[in-house]
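Note sheet for the following structure.
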Amino acid sequence: MTELQDLDQRVLWHPFTQMSEWDPLVIAEAAGSYLIDTEGRRYLDGVGSLWCNVHGHRHPVLDQALRTQLDKVAHSTFLGLSHPPGIELAAALLEVVPRGLRRVFYSDSGSAAVEIALKQSFQFWQLTGHPHKQRFVRLVDAYHGDTLGAVGVGGIDLFHRVFGPLLVQSIPLETPFQTDGVAVLAKLAKLLETSGDTIAAVVMEPLIQGAAGMLTHPPGFLRGVEQLCQEFSVHLIVDEVATGFGRTGTLFACEQEGVSPDFLCVAKGISGGYLPLAATLTTEAVFAAFLGKRTEMKHFFHGHTYTANPLACAVGLASLRLLQESTLANAQQRIGELSSTLARVRGWRGVRDVRQRGMMIGIELSSIEGRSLGVEACVHARELGVILRPLGDVIVWMPPLTLSADELQLLEQATHEAIECL
Ligand SMILES: Cc1ncc(COP(=O)(O)O)c(C=O)c1O
């Protein structure tokens, strides 16, 4: 064990980690799709540093954007002040998001982006004479982050059961995974018809529920939910924290169904995977409800110290341009190749199911009682030079969108070998 590994074990507490079994791998550097540890060993970043890396590591354009901003100001508050990168990124985002979204409210994590949407929706109904619209509808197995508001609309029991008594309860709706979604939409229609006057919003991940194990939705489901929300005057909050910024093959997943939600939550890829940044985008109608004299106290009381950090916004602006110029096209090419790769994966021994939306892939293993196959496979993959992180028995592929054809081959080979070892 190196000195740093020893120090890590003595001073740190890592997220989502049983520390009694913790064996630190210390990453000192990175380049392109690779992470490099303190001993100089290289690993393919198969999960894009927890689903946020878009253009690979140390991209010269992003590095330069960061350095240029660093020569101006690293941080200045957005409470009471503004700054060029925050303004320019917001304007650029509004050019590319679904048409109805006109306002950008920044924060610093996906969880915060979702909490803000919940609070804005809630307050909107209070401000507009519908004080009983207080409840939220969410999908079973949904994941929207780990802060209490986000957990309240989440449904992954394994992560959040213990916090049950602390949560604001939400209304669960079956996930349409492996169905045509018609029955779920019918159930939602009934719920909104009978109780819509007490419901503020439906909150959901579009096209695919990532943390649930890459559960894909049938085509038209998102559009169906949008139509019902419009019919019964209930907000639609779409959480694109995982799917946003090219991950599903289009800049935003909503585009694939022509959906324009009342709230769009983004984080992860917004800064290319460089710095903590998030945003909640909403419509002019929602924004306008909060307008009035300061003394009326209608404004939105929410903000974080690092809201709209200028370094993060500057790199976010460079990242968005790069996505449009080249990275999205590269992702689309890889997604095309992935269909033949995944056809092979489906035939591997021990693989039960393979699910994909663009560059979000879940490889589900046939479970064996008493074994954590996902974890075991990822340990093997690391020995073969590929970093993966499972969701239960599902191995996730979520590499940078700049992944090359050769790197995809390495990802496939290492995953295959790791599964063969089980
Ligand atoms: C769909 C979705 N929403 C929200 C979050 C939470 O984001 P963060 O970890 O930045 O708080 C995640 C994280 O994986 C996510 O996948």
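No experiment lies behind these values; they were computed from the predicted model shown. Order of appearance sets the numbers: ligands from 1, and atoms from 1 within every ligand.
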Just by distance, do the side chain of R389 and the backbone of V47 share a donor-acceptor pair under 3.5 Å? no

side-chain contact (heavy atoms from CB on, under 4.5 Å) against L127, all qualifying residues, sequence neighbours excluded: Q123, F290, K298

What are the atom names and distances for all N or O pairs under 3.5 Å between ligand 1 and the protein?
unit_1	atom_1	unit_2	atom_2	d
ligand 1	3 (N)	D239	OD1	3.3
ligand 1	3 (N)	D239	OD2	2.6
ligand 1	10 (O)	G110	N	2.8
ligand 1	11 (O)	G110	N	3.4
ligand 1	11 (O)	S111	N	2.9
ligand 1	11 (O)	S111	OG	2.6
ligand 1	14 (O)	K268	NZ	3.1

Would you check if there is a donor-acceptor pair between the side chains of T248 and Q256 at a distance under 3.5 Å? yes

Distance only, no hydrogens: is a donor on one side chain within 3.5 Å (strictly under) of an acceptor on the other, for S49 and N53? no

Compute whether any side-chain donor of one residue and acceptor of the other, for Y106 and N309, lie under 3.5 angstrom apart. no

Decide if the gap between the ring center of F245 and the ring center of F252 is smaller than 6.0 angstrom. yes

